[in-house]
Amino acid sequence: MKIIKIICISVCICFTFQGCGIYSFNGISTDAETFQVNFFQNEAPIVEPGIDRTFTLALQDLIQDQSNLSLVSNNGELVFEGEIVQYYIAPQSSTSENTAAQNRLNIAINVRYYNNKKPDGEDDFERRFSFFSDVPATTQLVGSALDTALAEIFERITQDIVNESLAKW
């Protein structure tokens, strides 16, 4: 009787740990071990210096934070590349005097994703991701105001990229 209890408990424990496999709580499931993020060149008509590097690092950091993949500089099993294709500020709302009350910073990034673990290209894609940040018209988008807007935009875009490429819900 005692042996049967021990066997039942052992089987339950095995099934519990077996079910975990390569899944995580954030939905990322992959059999890859490495990833590579190539530099995202800024090809937008309006070039804001430094956002290409900031975005590239933000994507690398998010993937490292949300997965157990190792970052490599070449021959990655998963490869992310692309370019910043849009950066512009447009008035969003107006005041009674017909002046802008709020401006919107829009950024769009073209992303190409390759899963070299699946050579048939089943998971590969090319897609445009974009997001925005609204700021008061009286705020100049420089310094900390720009950093805050970029952080908000890049947080959303990088999470969308990770969800599209790695999180298979």
Side-chain angles (χ1 to χ4, degrees), residues 7-90 104-134 141 146-169:
I7 291 173
C8 288
I9 290 173
S10 298
V11 168
C12 289
I13 290 173
C14 286
F15 281 127
T16 301
F17 288 114
Q18 179 97 18
C20 294
I22 54 174
Y23 294 95
S24 65
F25 289 113
N26 57 17
I28 293 177
S29 62
T30 181
D31 57 348
E33 296 177 8
T34 63
F35 78 100
Q36 169 183 338
V37 177
N38 294 334
F39 187 73
F40 278 76
Q41 192 71 34
N42 190 348
E43 295 180 4
I46 299 174
V47 175
E48 177 64 37
I51 67 169
D52 41 11
R53 182 178 185 279
T54 302
F55 176 78
T56 302
L57 293 174
L59 183 57
Q60 289 174 348
D61 290 345
L62 185 68
I63 295 170
Q64 285 181 309
D65 289 347
Q66 293 189 359
S67 73
N68 59 352
L69 297 170
S70 298
L71 176 64
V72 296
S73 57
N74 54 25
N75 297 322
E77 294 171 316
L78 308 177
V79 178
F80 297 83
E81 65 181 25
E83 50 279 334
I84 299 170
V85 294
Q86 193 174 65
Y87 177 98
Y88 70 92
I89 302 167
R104 176 171 283 182
L105 172 60
N106 295 279
I107 297 179
I109 299 174
N110 188 53
V111 177
R112 288 176 298 282
Y113 168 74
Y114 306 100
N115 183 341
N116 294 323
K117 292 286 283 186
K118 297 185 179 179
D120 60 359
E122 177 183 328
D123 288 349
D124 299 355
F125 67 81
E126 181 169 358
R127 184 170 164 216
R128 183 177 177 143
F129 295 87
S130 62
F131 199 64
F132 62 88
S133 179
D134 292 331
L141 274 170
L146 178 60
D147 292 343
T148 301
L150 290 174
E152 177 185 356
I153 293 168
F154 289 166
E155 179 181 347
R156 176 64 179 269
I157 292 175
T158 56
Q159 188 63 60
D160 288 349
I161 293 167
V162 168
N163 290 345
E164 181 75 19
S165 58
L166 301 174
K168 306 293 185 195
W169 288 94

Indicate yes or no: at least one non-hydrogen side-chain atom of Leu150 is less than 4.5 angstrom from one of Ile107.
yes
To the nearest 0.5 Å, how far apart are CG in Asn106 and CD1 in Ile46?
10.5 Å
Are the side chain of Asn116 and the backbone of Gly76 linked by a donor-acceptor contact shorter than 3.5 Å?
yes
Nearest heavy-atom pair of Leu71 and Gln36: which atoms, and what distance?
CD1-CA, 4.5 Å
Does some side-chain heavy atom of Asp123 sit less than 4.5 Å from a side-chain heavy atom of Leu78?
no
Give, for atom CD of Gln60 and atom CG of Asn38, the distance between the pair rounded to the nearest 0.5 Å.
9.5 Å
Tell me every residue that passes ring pair (Phe, Tyr, Trp, His ring centres under 6.0 Å) with Phe154, counting only those two or more places apart in sequence or in another chain.
Phe55
Rounded distance (nearest 0.5 Å) linking atom CD1 of Ile153 with atom OG1 of Thr148:
11.0 Å
Within a reach of under 6.0 Å around CD of Glu33, are more than 12 heavy atoms found that belong to other residues, nucleotides or ligands?
no
Is there a side-chain contact between Arg156 and Phe129 in this structure, where contact means two heavy atoms from C-beta onward sitting under 4.5 Å apart?
no
Mind checking the CG-CG spacing from Leu141 to Leu105? Nearest 0.5 Å is all I need.
5.5 Å
Taking CD in Glu155 as the centre, count heavy atoms belonging to other residues, nucleotides or ligands within less than 6.0 Å. Is the count above 12?
no
Could you tell me whether the side chain of Arg53 reaches within less than 4.5 Å of the side chain of Phe39, counting heavy atoms only?
yes
Looking at CG of Leu69 and CD1 of Ile63, how far apart are the two atoms once the value is rounded to the nearest 0.5 Å?
7.5 Å
Taking the side chain from Thr56 and the backbone from Phe40, do they hold a donor-acceptor pair closer than 3.5 Å?
yes
I'd like to know if Glu83 pairs up with Arg112 as an ion pair, taking the criterion as any Lys NZ or Arg NE/NH1/NH2 lying under 4.0 Å from an Asp or Glu carboxylate oxygen.
yes
Give, for atom CG of Asp124 and atom OH of Tyr113, the distance between the pair rounded to the nearest 0.5 Å.
7.5 Å
Go through the steps to decide whether Asn110 and Glu126 satisfy the test side-chain hydrogen bond (donor to acceptor under 3.5 Å, both in side chains), and finish with yes or no.
CA-CA 7 Å; Asn110 188 53; Glu126 181 169 358; 2.9 Å; yes
Taking C-beta and beyond as the side chain, do Gln159 and Leu62 meet within less than 4.5 Å on heavy atoms?
yes
Just to verify, which of Val162, Ile161, Thr158 counts as forming a side-chain contact (heavy atoms from CB on, under 4.5 Å) with Phe80?
Ile161
I'd like to know if the side chain of Thr34 and the backbone of Glu77 have a donor-acceptor N/O pair within less than 3.5 Å.
yes
Does some side-chain heavy atom of Leu59 sit less than 4.5 Å from a side-chain heavy atom of Val111?
no
